[in-house]
Amino acid sequence: MLIEYAQADGKDWETFERLLDHLAREGMKLIQYGRGPLQPDLEKAARVQIEQAAGTTARQGGMREHLHQRTAASLLATVWFAGQHHLVEADDWPDTLPATVLGAIRQAPAINDDPTMRNLRDTGDPNR
């Protein structure tokens, strides 16, 4: 898609960004769907780790927290899948990975700068 877009003299950054976003989502789906059936409990384990790092459950935190935690848990599961695929030893992962993943999600500019995401602030905290 990107080659065809570039060959058609595509210069629109928004379109290019959407194409990249689509490819990234498809790549994550391939990892999750391809490895997920081998370890069906891994997704739940990732959610538990993220909830512990956040100090709250996704349901307790409202829609914004739910989206952050679901994304962070998916990312953590993908990291675990990738580590397993590339034979990374368990001791090589940092102890703070879940908190780091959650922190990275919460600081992501595309999430924090998106007006749609800002409208999901339903926690009652006007500063979030």
Side-chain angles (χ1 to χ4, degrees):
M1 282 189 299
L2 294 175
I3 292 171
E4 289 178 16
Y5 182 71
Q7 288 174 343
D9 206 26
K11 303 260 191 271
D12 176 33
W13 174 248
E14 185 176 323
T15 301
F16 189 74
E17 187 176 38
R18 286 181 187 214
L19 288 170
L20 286 174
D21 182 60
H22 175 74
L23 290 173
R25 289 173 194 259
E26 292 303 310
M28 184 172 279
K29 286 180 194 174
L30 285 173
I31 291 171
Q32 297 285 16
Y33 298 150
R35 306 261 336 164
L38 299 174
Q39 292 177 293
D41 295 335
L42 193 129
E43 292 285 335
K44 183 178 180 186
R47 281 196 305 273
V48 168
Q49 289 290 314
I50 294 301
E51 286 176 355
Q52 288 175 353
T56 185
T57 67
R59 289 181 187 240
Q60 293 170 329
M63 181 59 81
R64 186 176 176 88
E65 182 71 19
H66 175 76
L67 289 172
H68 285 181
Q69 285 197 25
R70 289 293 300 238
T71 304
S74 179
L75 180 58
L76 180 57
T78 301
V79 168
W80 285 344
F81 285 140
Q84 186 179 44
H85 178 77
H86 294 288
L87 305 175
V88 176
E89 293 287 334
D91 292 339
D92 292 339
W93 294 108
D95 293 336
T96 58
L97 184 61
T100 301
V101 172
L102 186 64
I105 294 298
R106 287 191 171 149
Q107 294 176 39
I111 289 174
N112 293 315
D113 296 339
D114 187 319
T116 303
M117 291 298 294
R118 283 196 297 274
N119 291 332
L120 295 176
R121 293 184 182 145
D122 59 358
T123 63
D125 182 354
N127 297 317
R128 286 190 81 188

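Nothing here was measured: the structure is a model prediction, and the numbers come from that model.
Every side chain to side chain contact (heavy atoms under 4.5 Å, CB included) that Glu51 has, sequence neighbours left out, goes to Thr57, Gln69. Remark: Asp92 engages Val88, Glu89 in a side chain to side chain contact (heavy atoms under 4.5 Å, CB included) (not counting sequence neighbours). Under the side chain to side chain donor-acceptor pair (under 3.5 Å) criterion, Arg18 pairs with Glu14, not counting sequence neighbours. For Arg25, the side chain to side chain donor-acceptor pair (under 3.5 Å) partners two or more places apart in sequence, or in a different chain, are Asp21. Not counting sequence neighbours, Asp41 has no partner by the side chain to side chain contact (heavy atoms under 4.5 Å, CB included) test. Under the rule for a side chain to side chain contact (heavy atoms under 4.5 Å, CB included), the partners of Ala99 that lie at least two apart in sequence or sit in another chain are Ala53.
With contacts defined as side-chain heavy-atom distances shorter than 4.5 Å, the pair Phe81/Leu38 does not qualify.
Other residues, nucleotides and ligands contribute over 12 non-hydrogen atoms within 6.0 Å of the CG atom of Asp12. Heavy-atom neighbours of Leu30 CG from other residues, nucleotides or ligands within 6.0 Å: above the threshold of 12. Atom CD of Glu26 is surrounded by more than 12 heavy atoms from other residues, nucleotides or ligands within 6.0 Å.
Distance CZ/Arg70 to CZ/Arg47: 6.0 Å, rounded to 0.5 Å. To the nearest 0.5 Å, the span separating OG1 on Thr56 from NE2 on His66 amounts to 12.5 Å. We find the OG1-CG distance between Thr100 and Leu76 to be 10.0 Å, quoted to the nearest 0.5 Å.
Residues Ala77 and Leu42 share a closest heavy-atom pair of CB-CD2, 3.5 Å.
Checked options Gln49, Glu43, Gln39; the residue passing with Trp80 is Gln49 (criterion: side chain to side chain contact (heavy atoms under 4.5 Å, CB included)).
The main-chain N or O of Ser74 is found under 3.5 Å from a side-chain atom of Thr78 such that the two form a donor-acceptor pair.
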